[in-house]
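These notes are about the structure you will find just below.
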Amino acid sequence: MDYNFSTFEKKWQQYWLENKLFASEADRSKPKFYCLDMFPYPSGSGLHVGHPEGYTATDIVCRYKRARGFNVLHPMGWDAFGLPAEQYAIQTGTHPAVTTKKNCNTFRRQIQSLGLSYDWDREINTTDPAYFKWTQWIFIRLYNTWFDTELQKGRPISELPIPETVKDGGVQDVQEYIASKRLAYYDNAQVWWCNHCKTVCANEEVLNDGSHEKCGTKEVERRFLKQWMLRIPHYAERLLQGLEGLDWPAGVKDMQRNWIGKSTGAEVDFVVEGLPEKLKVYTTRPDTLFGATYMVVSPEHGLVNELVTPENKDAVDEYIQAAALKSDLDRTELAKEKTGVFTGRYAINPLTGKKIPIWVADYVLMGYGTGAIMAVPAHDTRDFEFAKTFGLPVDCILDPGNAAGELREKIIAGDACWTEDGAYINSANPELGLDINGMSKQKGIETVINWLEKNNLGKATVNYKIRDWLFSRQRYWGEPFPIIHWEDGEVSVVADEDLPVELPETNKYQPGDSGESPLSNVPEWLEVVDENGRKGLRETNTMPQWAGSCWYYLRFIDPKNDEEPFSKAKENYWMPVDLYIGGAEHAVLHLLYSRFWHKVLFDLGIVSTDEPYQKLFNQGMILAFAYETASGSKVTSDMVEEKDGKYFHTQTGEELKQIVAKMSKSLKNVVNPDDVVEKYGADSLRLYEMFMGPLDATKPWTDTGVKGVYNFLKRVYSFFAEKENITDGTDDKETLKVLHQTIQKVTDDVEGLKFNTAISQMMIFTNHCYKKGKVSRETAETFLKVLAPFAPHISEELWVQYGNGPSVSQQAWPEVNEKFLEEDAFEYPVSFNGKMRYKFSLPLDMPVPDIEKAVHAHEMSKKWIEGKQIIKTIVVPGKIINVVVK
RNA sequence: GCCCGAGUGGCGGAAUUGGUAGACGCGCUGGAUUCAAAAUCCAGUUCUGGCAACAGAGUGAGGGUUCGAUUCCCUCCUCGGGUACCA
């Protein structure tokens, strides 16, 4: 019986589609399971083999869950706004919508060719006005929400209390006050600008090396532009706390915690000589205040002009200008050498009463804390470097004790820096009633904060690294903001009933050099007039690509609703997402943004859960083998030949080294899923993607590996399609045991997302069938039910060959019968001093003393016991026997 | 620098409340089938020594706990990911 997958794979895909076998509706009588894939950006190059990895995993889980009686929601859609389609439009004049539609069609065809059990009636597209209408609707909700820090909760802007002092200032002041509290606001912001893409980008889109994540060029710089921002830091604590109850990889939680960057410390006010203003600093080490020997303000600090004395003005101005011209990249690249300049001004250390100089230096960032620090060079490495560079005093106030070893003397002398715990020295001022000498770090911090608060010089403070989210782009192909700027300065949102604000037709997609969006070139769209004849301009920025993916999981619940984003009853049934699988590259941004929006919607009573994604799993990257010469230069795969496990250049004959690298066109090692489906079938592709290794591991693709699973399916087909192999009788004990072990193992492994070992168990079962030659029809059908989630096409095909009606996908999952797994004897491995020497079968119910006797008397034991003394014998029933001899 | 994760045959990988290291697959070797090849089926395959029985070594390196360690603890090395003047 030949395994001609191509004769039936298409047939079954069509059957599933036409009969809507995987469509689901909210149904309270059944338990629900919402299983979500991170939806793709439909690029022009089509699916790569990384996509089906996660999709197959969720598909197996969904098919399994259905068989277990769950009502499964398993949707797919397109995150289709984005730069490539727009770049293509600039080059060719093709409207991005046209390109997008074409790419979506390719993606849909490719995904459907893998037999994935999506409910295609729920397909969504972020670029569809019927979808982004609601993205705009949510933006309006963000705009009309403020965060009540007291309640730690977002509330409607109509509930915002306006202080009397603000009211006294008039309407303008009230409007400004309200604007300052909205979660979405419009402001002049220093932002990253990419000269290549002609748009701003978020901080997080600019990589460490100063290149833009999206285009890879280093043409990014700082600019001041009017921008939309979202106040995500208000939700920092909620976003941090919310992680606790989630079933997410620990690494992703760590990365989010890291990104939020909570730190606790204190704000301290320093008196400045000759100025009425105090200089406020933030420090996590208020305990080291006795050691503060100078202060630093960032070049952008608001007080710099007051601080600088006339004789130092030129030098400081020059420094500030130079710092402003430097990109952040330059600042960090030159991080090894600290720069700075003295303002000429002194502050007073509140504990020592000493005059300490105030410097300006760019190692202090304006965006964190108060933009000013107290410098404790003896106990902070950055301050230490700075102090050494500029010859500032280093006063040690913490004795490291023996922990520092030989370093200790240098530290105490101020010639080295110590940031760990120790015992304080020189840290007392009897006049002020403060003495922390001898205390440990923890105690010291508490004591100093208490003292500062009592004396009104400072207070305990919490700080977060997370910044406001830059939420606008100067591009065409994105969601328009539902915002109008009126000629009198008022900013208003478009009324809900006037949504969506659609994109205008244009043929000029090229953004301006100074930050104008292409939308500003379309006057008939841009200019509006209200009923009173007041003129206004629409917001010409568009939303970033993150916007559409922030809430798509909610739209899947009710994708065709044009009255509301989704029905509340349906949301209540399906949420939260029970399993969310996607790449680790979204560990921070997408998942954090999405959680933020969700929490706002939760606070406003629009969704019923505080968190959107209950369980998250990251599939690993699929890599490919690549080849390089001894000097490290890469060789494309078509120039490589293998001989006896070694690799050689086909032209030069040079021996090459096999390495593992990302698939890339330049290395010519990209694997196209279409080719694999064509050659080996969809079931083989699915099975191989799962068999390669653990789902979360990065692993290299090999064609021989695909052949391996293809061979397995071929064996399955030729055995189970051969009528002579299938009997009407019953099976022997051994076969039933392997069958039920297989049900057990596959069940456990699917629950644990360990598909590779599930497949290996199915291989063991198949090998067993070959050894037996014949199995009962009942056993064969049971096996097909187990195989079906992994290789659905072949399972359907064999299922009907047994005279069953379609479909195996609608059969209940088989139950394990423990009776077939029970054993009455166990073949014990017998060890002597921990080394296994022989095996010995004994009844499982044999008492331990009898086992010991039997082992000591065993023929094979003689050799190991002779001339030695038995110290003891360890028997773990059903596991192992170990005899300790001497 | 800091925070995660991972190092197991020729290769992908399996096994962890501490209990037979190398399941399953690839590759390789031998056999059957064939005029022959492909395909398929069967057997073998951690390394070293030995015809074999068997013995010794063995999960990145070194140390420790234990009757017993791939699994737990300490020190170190290598690789991958994240992050970096965040006071």
Side-chain angles (χ1 to χ4, degrees), chain A residues 2 208 249-255 257-259 261-263 265 281-285 288 296 298 328 331-332 334-336 338 361-365 367-376 379-383 385-386 463-467 584-585 587-588 618 620-621 623 625 642 644-646 658 660 687-688 691-694 696-709 711-712 714-715 718 754 756-764 766-767 770-771 827-839 863 871-876 878-885:
Chain A
D2 284 345
N208 283 337
V252 176
K253 287 192 187 185
D254 279 344
M255 280 164 69
R257 284 192 195 104
N258 219 309
W259 195 266
K262 181 179 184 174
S263 84
V281 302
Y282 172 72
T283 175
T284 55
R285 296 292 304 274
T288 60
V296 184
S298 99
D328 270 20
R331 283 201 191 183
T332 41
L334 299 170
K336 291 129 221 157
K338 296 250 181 312
D362 64 6
Y363 83 92
V364 173
L365 308 174
Y368 186 77
T370 62
I373 61 155
M374 64 178 211
V376 186
H379 306 292
D380 181 285
T381 49
R382 295 153 303 181
D383 297 344
E385 282 170 31
F386 191 81
N463 247 308
Y464 299 91
K465 278 199 267 187
I466 190 169
R467 310 290 166 81
E585 66 273 20
V588 179
N618 297 124
M621 225 187 317
L623 307 175
F625 286 116
E642 199 225 294
D644 301 327
K646 287 179 180 172
Q658 190 183 52
V660 171
L687 224 51
Y688 178 59
F691 188 65
M692 289 173 85
D696 55 357
T698 36
K699 45 221 165 214
W701 182 277
T702 61
D703 197 54
T704 51
V706 190
K707 271 186 210 151
V709 291
N711 194 39
F712 162 65
K714 212 155 56 169
R715 277 163 68 80
S718 44
K754 296 191 285 187
N756 54 333
T757 47
I759 293 166
S760 104
Q761 181 62 39
M762 291 190 276
M763 288 171 169
I764 290 170
T766 306
N767 291 345
Y770 268 80
K771 214 160 274 170
E827 193 170 45
Y828 282 93
V830 181
S831 304
F832 291 83
N833 290 342
K835 190 89 192 163
M836 206 278 287
R837 294 304 174 183
Y838 68 92
K839 288 178 187 173
K863 177 175 170 188
I871 308 292
K872 64 172 154 176
T873 303
I874 288 133
V875 177
V876 184
K879 281 265 168 91
I880 199 177
I881 297 164
N882 187 23
V883 184
V884 185
V885 294

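Letters A, B, ... are given to chains in the order of the sequence lines, protein chains preceding strands, and every chain is numbered from 1.
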Sugar-phosphate, base or nothing in reach of [X], heavy atoms under 4.0 Å:
| X | result |
| --- | --- |
| A:K839 | base |
| A:T381 | nothing |
| A:N463 | nothing |
| A:N882 | base |
| A:I373 | base |
| A:D383 | nothing |
| A:G705 | nothing |
| A:R257 | nothing |
| A:K253 | nothing |
| A:K879 | sugar-phosphate |
| A:D696 | nothing |

Roughly how far apart, to the nearest Å, are [N] and [M] at atom [atom1]?
| N | M | atom1 | answer |
| --- | --- | --- | --- |
| B:rG7 | B:rU71 | C1' | 14 Å |
| B:rG64 | B:rG31 | P | 50 Å |
| B:rU65 | B:rU48 | P | 33 Å |
| B:rU16 | B:rG30 | P | 37 Å |

Check this one for me: any side-chain N or O of [X] less than 4.0 Å away from OP1 or OP2 of [N]?
| X | N | result |
| --- | --- | --- |
| A:S263 | B:rA87 | yes |
| A:K863 | B:rA55 | yes |
| A:K835 | B:rG68 | no |

Hey, is the main chain of A:S263 close enough, under 3.5 Å, to the side chain of A:N463 for a donor-acceptor pair?
->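 Looks like no, no N/O pair under 3.5 Å.
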Give a yes or no on whether the backbone of A:V296 and the side-chain of A:Y363 come within a donor-acceptor separation of less than 3.5 Å.
->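 Checked: no pair found.
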Any idea if B:rG22 is syn or anti, going by the 90°-from-0 cut?
->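 The base of B:rG22 is oriented anti (glycosidic angle more than 90° from 0).
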Specify the separation, in whole Å, of atom CZ of A:F712 and atom P of B:rC41.
->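 Roughly 13 Å, once rounded to whole Å.
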Rounded off to whole Å, could you give me the CD1-to-P distance for the A:I759 and B:rC26 pair?
->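 Roughly 13 Å, once rounded to whole Å.
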Validation row: A:I880, A:Y828 side chains within 4.5 angstrom (heavy atoms) =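 With C-beta onward as the side chain, the pair stays apart.
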So do A:D380 and A:T288 actually touch side chain to side chain, heavy atoms under 4.5 Å?
->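 With C-beta onward as the side chain, the pair stays apart.
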Which nucleotide, if any, forms a Watson-Crick or G-U wobble pair with [N], using both distances under 3.5 Å?
| N | result |
| --- | --- |
| B:rC76 | B:rG60 |
| B:rU34 | none |
| B:rA39 | none |
| B:rC28 | B:rG44 |
| B:rA21 | none |

Counting side-chain heavy atoms from CB outward, which of B:rA87, B:rG25, B:rU20 is closest to A:T284?
->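 Between B:rA87, B:rG25, B:rU20, the one nearest the side chain of A:T284 would be B:rA87.
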Mapping A:Y770 and A:F625 onto RNA chain B by nearest heavy atom, which one lands closer to the 5' end?
->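 Upstream on the strand: A:F625.
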Minimal non-hydrogen separation, A:P694 against A:K699, with atom names =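 Shortest heavy-atom separation between A:P694 and A:K699 comes out as O-NZ, 2.6 Å.
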